[in-house]
Number of protein chains: 2
Amino acid sequence: MITHAMEDYLKTVYLLQEGQEKVSTSAIAQQMEVSAASVTGMIRKLAAMGLLNYASYQGVELTEGGKKIAQEIIRHHRLLELYLVEIMGFTWDKVHDEADKLEHVISEEFEERMSEALGHPTTDPHGHAIPAKDGALQEIAYATLTEVDAGSSATVQHVNDNDPEMLRYFDQLGLLPGAVVQVVAKEPFNGPLRLKVDQTEHFVGREVAGNVFVSPQIT
Amino acid sequence: MITHAMEDYLKTVYLLQEGQEKVSTSAIAQQMEVSAASVTGMIRKLAAMGLLNYASYQGVELTEGGKKIAQEIIRHHRLLELYLVEIMGFTWDKVHDEADKLEHVISEEFEERMSEALGHPTTDPHGHAIPAKDGALQEIAYATLTEVDAGSSATVQHVNDNDPEMLRYFDQLGLLPGAVVQVVAKEPFNGPLRLKVDQTEHFVGREVAGNVFVSPQIT
DNA sequence: AGTTAGATTTAGGCATTCCTAAATTCTTAA
DNA sequence: TTAAGAATTTAGGAATGCCTAAATCTAACT
């Protein structure tokens, strides 16, 4: 039997796995805010179920079975976020926590009816790709705003959705997926960035800018 | 901390409590399909939390605090059922199980937005009353179809929503809340009832009829 | 009143999922 | 090459929520 906690682990491994193939115990522990010991314990159980491969001290890699479950959960999460915003009228910053709870609980039919009501979308409100029913998630590795040269412009593709407070801040600034930002100036020594979004200028800290993912502006 | 399991117990006690004030351990165990021992264990915990009063062998009674939580869960459940049918297009028979899972997980905001989308309704698709935000549930004790005299007509008020198969059967027969039924004849010795619903006649077993709650037809 | 059937509680166990602390293994740099 | 330090695993323990089996209580009938 697969539990909610297991689904959370699989989802986390899947999202951490993008890029590298192996994910370390400590990376999972940090991301999920549990102890490394707890991670080891759960990993062994998931390995015994054939949902991931792992060798002691070597890190973890999802099997096809594990990937499929992770994709399913991520699809639930992102469809829920979009449904909550588009159909139910939630604000941007509240949908992540609600979706984190609901994603483990909804039926396939619920998923299907949400997708239908939304016209089978492919992107959630934070700009993340929504995996197709049985398809892989194709997330492109965008640069963060901190990596954009002073003077250049870029288009916001997606933002991290973990921190509601930061989301409200993005909303205030107009840093939504699709928005065009110009990096007017970058302070040296890890100081703030000066941005121009929609005519208005703002100063934004490096930590904040690191959570905004952009592609070069298409002109 | 109040868990999902505790909420389920409180909900069950609340619904069993209608009519009598005291609810027995075995009644709870039977309704929830767990052992009586499990019920005892949970009851002691809930009593320690001040959510219900109980004395050994004497049965159980919810406190005001316990009632409040139970009402909240029942409100969630019934709003969810209605939302799933009216807004999402689920069929009658599938909403109970979905609502049983979601009722523990949704936020107050989710509840509020559902209620709004539905125009703040007071009855769910099975004819059960939806408790107001902070108000008590006022379920009227209707008669079942088995208690209606042969020759008399009655109006369906609500039906039991526990068994999806039975719900599909009710749907087929047209035994929906609001429908007018005439009991044409009753076989003696606990045999089937002959019903006339919407011009058509049907034979219905006693067990089935016992799950249809009616009031005398208002003519 | 005594017996007995049924209801209830107690006792002991198991799985889940987390924790801290201690032991082990790996890495790296002197 | 070895020894410190970091990462990982093992060990042991707590809370939850279920179970079965055994003990105990209640109520009903002779």
Side-chain angles (χ1 to χ4, degrees), chain A residues 1-14 16-17 19-62 66 69-70 73 97 100-101 103-105, chain B residues 1-14 16-17 19-62 66 69-70 73 97 100-101 103-105:
Chain A
M1 217 273 132
I2 187 145
T3 64
H4 294 181
M6 287 174 185
E7 288 177 351
D8 276 334
Y9 276 93
L10 292 172
K11 176 177 120 181
T12 300
V13 173
Y14 189 93
L16 288 172
Q17 200 170 263
Q20 319 95 115
E21 346 98 61
K22 301 278 186 163
V23 178
S24 70
T25 302
S26 53
I28 299 167
Q30 191 178 11
Q31 180 66 35
M32 299 189 69
E33 300 185 301
V34 297
S35 72
S38 300
V39 175
T40 301
M42 183 57 89
I43 274 171
R44 296 172 63 134
K45 226 176 303 181
L46 292 170
M49 295 172 77
L51 297 174
L52 48 77
N53 296 316
Y54 109 109
S56 284
Y57 296 97
Q58 306 294 287
V60 142
E61 192 179 16
L62 292 182
I69 292 169
I73 298 298
D97 292 342
D100 259 350
K101 293 181 295 178
E103 65 188 6
H104 304 293
V105 159
Chain B
M1 217 271 132
I2 187 144
T3 65
H4 294 182
M6 287 174 186
E7 289 177 350
D8 276 333
Y9 276 93
L10 293 172
K11 177 177 117 180
T12 300
V13 173
Y14 189 92
L16 287 173
Q17 199 169 264
Q20 321 93 113
E21 347 97 61
K22 300 277 186 162
V23 178
S24 70
T25 302
S26 54
I28 299 166
Q30 190 179 13
Q31 179 67 32
M32 299 189 69
E33 299 185 303
V34 298
S35 70
S38 300
V39 174
T40 301
M42 183 57 89
I43 273 172
R44 295 172 62 132
K45 225 176 301 178
L46 293 170
M49 294 172 77
L51 297 174
L52 49 77
N53 296 315
Y54 110 109
S56 283
Y57 297 96
Q58 307 295 289
V60 141
E61 191 179 18
L62 292 181
I69 293 169
I73 297 298
D97 292 343
D100 259 351
K101 294 182 295 178
E103 65 188 7
H104 305 293
V105 159

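FYI, side chains are in, hydrogens and waters are out, and symmetry mates aren't considered; it's all heavy atoms of this structure. Labels below follow one simple rule: chain letters A, B, ... track the order of the sequence lines, proteins then strands, and each chain is numbered from 1.
Considering only residues two or more places apart in sequence or on other chains, B/Glu61 meets the side chain to side chain donor-acceptor pair (under 3.5 Å) condition with none of them. When the side chain to side chain donor-acceptor pair (under 3.5 Å) test is applied to B/Asp8, the partners found at least two apart in sequence or on another chain are B/His104. In this structure, B/Ser56 has no side chain to side chain donor-acceptor pair (under 3.5 Å) partners at least two apart in sequence or on a different chain. Partners of A/Gln31 by side-chain contact (heavy atoms from CB on, under 4.5 Å), not counting sequence neighbours, listed by chain and number: A/Thr12, A/Leu16. In this view, B/Ser24 and B/Ser26 satisfy the side chain to side chain donor-acceptor pair (under 3.5 Å) rule, not counting sequence neighbours.
In this structure, A/His104 places its NE2 atom 17 Å from P of C/dT16, rounding to the nearest Å. In this entry the distance linking CD of B/Glu7 with P of D/dG17 reads 11 Å, nearest Å. Rounded to whole angstrom, the span from the NE2 atom of B/His4 across to the P atom of C/dT16 amounts to 19 Å. The CD atom of B/Gln30 sits 15 Å away from the P atom of C/dG6 (whole-angstrom rounding). Distance A/Glu33 CD to C/dT17 C1': 16 Å, rounded to the nearest Å. The CE-P distance, from A/Met1 to C/dT16, rounds to 11 Å in whole Å.
As judged by a 4.0 angstrom heavy-atom cut-off over every strand, A/Ser35 is placed among the base-contacting residues.
The stretch residues 38-46 of chain B comes close to DNA chain C through B/Thr40, B/Arg44, each having a heavy atom under 4.0 Å from the strand.
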Any protein N or O atoms within reach of nucleotides 5-7 of chain D? Criterion: under 3.5 Å, listing atom names and distances.
none

Name the atoms and distances for all side-chain donor-acceptor pairs under 3.5 Å in residues 34-50 of chain A, with sequence neighbours left out.
| residue | atom | partner | partner atom | Å |
| --- | --- | --- | --- | --- |
| A/Ser35 | OG | A/Ser38 | N | 3.2 |
| A/Ser35 | OG | A/Ser38 | OG | 3.0 |
| A/Thr40 | OG1 | A/Ala36 | O | 3.2 |

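Looking at heavy atoms from C-beta onward, B/Leu51 lies in side-chain contact with B/Leu10 at the 4.5 angstrom threshold.
When distances run from any side-chain atom of A/Met6 to the nucleotides C/dT10, C/dT17, D/dC18, the shortest one goes to C/dT17. Proximity note for A/Thr3 (side chain, C-beta onward) versus C/dT16, C/dT9, D/dT16: the nearest is C/dT16.
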Evaluate the side-chain contact (heavy atoms from CB on, under 4.5 Å) criterion for residues B/Ile2 and B/Ile69: first the C-alpha distance (whole Å), next the side-chain angles of each, then the deciding distance (0.1 Å), finally the verdict.
-> CA-CA 10 Å; B/Ile2 187 144; B/Ile69 293 169; 3.7 Å; yes
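At least one donor-acceptor pair under 3.5 Å links the side chain of B/Gln17 to the backbone N or O of B/Leu62.
If you find the closest nucleotide of DNA chain C to A/Ser56 and to A/Ala5, the one lying nearer the 5' end belongs to A/Ala5.
Using a 4.0 Å cut-off, no side-chain N or O of B/Tyr9 falls inside it from OP1 or OP2 of D/dT16.
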